[in-house]
Amino acid sequence: MPAAPSPNTRSRFCRPFAVSVLAAFSFFASYSLCPLPAFAAPEASAESAPVFAPLEGLKLPTPASFAELSPDSPLFRESAEHAVRNGRLLKLWLPQYMARQYEGGSPDAVTRQVLLCALNGQTRALDAKDAELLARSAEGLFIGFSRIPRSYTDTPAQEEQNRAEALRASLEKGKPLLVDSLRTSSAYLHTCLIHFSMGEKKENVFLPCALATAVIPVKETVLFLTVTSLLGQDEAEPHLAWVKETASAFADAIVKANREGKK
C-alpha cells in the first residue's frame with residue numbers, strides 16, 4: 001500500500017467524497033494502527049498463530065439518522081482497499097439523506113461519513129494500558145499541526161478570539177490545525193481542520209475538511225473511528241462541531257452496547 005498522504009499532499013481524486021474517505025481516513029488509520037508488533041504476530045504461520053477473535057460478538061450499532069453502507073458498495077470497497085494499511089474497515093456510515101443520494105446515483109453529494117476500523121491480526125486481549133499506548137501513537141499524526149494558543153490567564157473572550165484567528169489562518173494558508181483533544185468516558189478524541197490541494201494547476205486552492213478521530217477501548221480490543229465533513233464554502237465551526245459530536249456519539253453508543261452485563 002502507498003503511504004498515507006499528509007494534509008497538504010496534492011490529491012488526484014476528482015470527487016469530493018473520494019477525497020474525504022480515501023485521504024482523510026487513510027491519513028488517520030495508517031498512523032494510528034502502527035503499533036501492531038505489540039499486539040499481533042504478522043509473521044506467524046496459520047498453524048502456529050493463536051486463535052483470538054476480539055470482534056466476535058461485538059455490537060456495532062447504527063445511531064439514528066445514519067445509514068450503514070453495504071460492504072459490496074463501491075465506496076466501501078474503495079475505502080477498504082486504499083484507506084486501511086494495518087487494519088481492516090468494519091463499518092462505513094453516511095447520514096441517511098446522503099446515503100439516499102449516494103444510492104440514487106449521486107456520489108458527489110456525499111460530503112460526510114463515519115468510518116470504523118479494527119486492528120488486523122490481534123493475538124491477545126488488549127487492556128486499558130494498551131488502549132492508552134495506541135491513543136498516544138495516534139497523537140503522533142498531529143505532529144506539525146498548528147495549535148490554538150492557550151493560556152491559563154485567557155479570558156473567555158480571549159479564548160474565542162484565539163480560536164477564530166487560528167481557524168482563519170488555517171483556512172487562508174491551507175495549513176492543518178489541531179482544534180482540540182480530550183479524553184471522554186468512551187474514547188480518546190481529537191478534532192482538527194485539514195486541507196487538500198486541488199492539484200498542480202491550483203497550487204493555492206485547498207479543499208478544507210473537518211476531521212475527528214476516536215480511539216475506542218471496548219471489551220478486549222481497540223477500535224478506531226474517523227468522522228469527516230467537507231466544508232465547501234461554509235464556515236468551519238459548524239463542521240468541526242458536527243464531527244466532534246458525531247465521533248463522541250458513536251463512541252458512546254459502541255461502548256454502551258458492549259458494556260458487561262448488557263443484553
Side-chain angles (χ1 to χ4, degrees), residues 1-2 4-30 62-85 89-117 167 170-172 174-177 179 191-213 224-247 249-250:
M1 290 296 298
S6 69
N8 292 316
T9 297
R10 294 187 181 91
S11 172
R12 298 188 182 275
F13 298 109
C14 60
R15 292 175 297 177
F17 83 92
V19 173
S20 186
V21 170
L22 300 183
F25 179 63
S26 176
F27 173 59
F28 170 60
S30 295
T62 299
S65 79
F66 282 86
E68 179 185 345
L69 282 196
S70 165
D72 295 326
S73 70
L75 180 53
F76 190 103
R77 292 200 306 269
E78 276 191 331
S79 300
E81 179 180 358
H82 298 290
V84 184
R85 181 165 58 185
L89 182 61
L90 298 178
K91 300 280 185 178
L92 193 162
W93 292 281
L94 302 178
Q96 286 182 350
Y97 71 98
M98 286 189 179
R100 288 193 293 269
Q101 291 174 311
Y102 174 75
E103 292 168 353
S106 300
D108 291 355
V110 178
T111 59
R112 288 178 165 180
Q113 52 276 309
V114 180
L115 300 102
L116 186 68
C117 186
L167 288 174
S170 176
L171 290 168
E172 289 176 352
K175 300 296 183 182
L177 173 71
V179 178
T191 306
C192 59
L193 186 62
I194 59 177
H195 309 268
F196 301 98
S197 173
M198 295 303 291
E200 295 180 0
K201 295 182 179 180
K202 298 180 179 180
E203 292 291 344
N204 296 317
V205 178
F206 298 96
L207 180 68
C209 178
L211 181 147
T213 64
F224 302 85
L225 187 83
T226 300
V227 183
T228 57
S229 181
L230 297 175
L231 271 61
Q233 300 300 315
D234 298 339
E235 295 291 331
E237 287 289 12
H239 292 266
L240 291 168
W242 184 84
V243 297
K244 180 179 179 179
E245 292 167 4
T246 300
F250 267 83

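Looking at residues two or more places apart in sequence or on another chain, you find no side chain to side chain donor-acceptor pair (under 3.5 Å) involving Ser65. Legend: residues meeting side chain to side chain donor-acceptor pair (under 3.5 Å) with Glu237, ordered by chain and number and at least two apart, are Arg163. Residues passing the ring pair (Phe, Tyr, Trp, His ring centres under 6.0 Å) test with Phe76: none are found, sequence neighbours excluded. For the side chain to side chain contact (heavy atoms under 4.5 Å, CB included) test, residues two or more places apart in sequence or in another chain that qualify with Gln96 are Ala67, Arg100. Shown here are the side chain to side chain donor-acceptor pair (under 3.5 Å) partners of Thr246, two or more places apart in sequence or in another chain: there are none. For Pro238, the side chain to side chain contact (heavy atoms under 4.5 Å, CB included) test picks out Glu235, with sequence neighbours left out. Residues that satisfy the side chain to side chain contact (heavy atoms under 4.5 Å, CB included) test with Lys91, not counting sequence neighbours, are Leu60, Glu68, Trp93, Leu116.
Side chain of Ser106 to main chain of Asp108: no donor-acceptor pair is present (N/O by atom type, distance under 3.5 Å, no hydrogens or angles). The backbone N or O of Lys175 sits less than 3.5 Å from a side-chain atom of Ser170, completing a donor-acceptor pair.
For the pair Leu92 and Leu75, the minimum side-chain heavy-atom distance is below 4.5 Å. Contact check for Gln101 versus Met98: side-chain heavy atoms found under the 4.5 Å cut-off. Leu167 places a side-chain heavy atom less than 4.5 Å from the side chain of Leu177. Counting heavy atoms from C-beta on, the side chains of Tyr102 and Leu69 come closer than 4.5 Å. Looking only at side-chain heavy atoms (C-beta outward), Arg112 and Leu94 stay at 4.5 Å or farther from each other. In this structure, the side chains of Leu115 and Leu225 stay at 4.5 Å or more apart for every pair of heavy atoms. Counting only heavy atoms from C-beta outward, the side chains of Leu171 and Pro208 approach each other to under 4.5 Å.
When every heavy atom of Trp242 is checked against every heavy atom of Ser229, the shortest pair comes out as CE3-CB, 4.0 Å. Residues Leu231 and Ala210 approach most closely at CD1-N, 3.5 Å, considering heavy atoms.
In this structure, OG1 on Thr228 lies 11.5 Å from NE2 on His239, to the nearest 0.5 angstrom. For the atom pair CD1 (Ile194) and SG (Cys209), the distance works out to 5.0 Å, reported to the nearest 0.5 Å. Note that OG of Ser73 is 8.0 Å distant from CD of Glu103, once rounded to the nearest 0.5 Å. To the nearest 0.5 Å, atoms SG (Cys192) and NZ (Lys244) are separated by 12.5 Å.
A side-chain contact (heavy atoms from CB on, under 4.5 Å) with Leu211 is found for exactly one of Thr226, Leu193, Leu240, namely Thr226.
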Check your understanding: Stepwise, does the side-chain contact (heavy atoms from CB on, under 4.5 Å) test hold for Phe250 with Val114?
Key -> CA-CA 9 Å; Phe250 267 83; Val114 180; 3.9 Å; yes

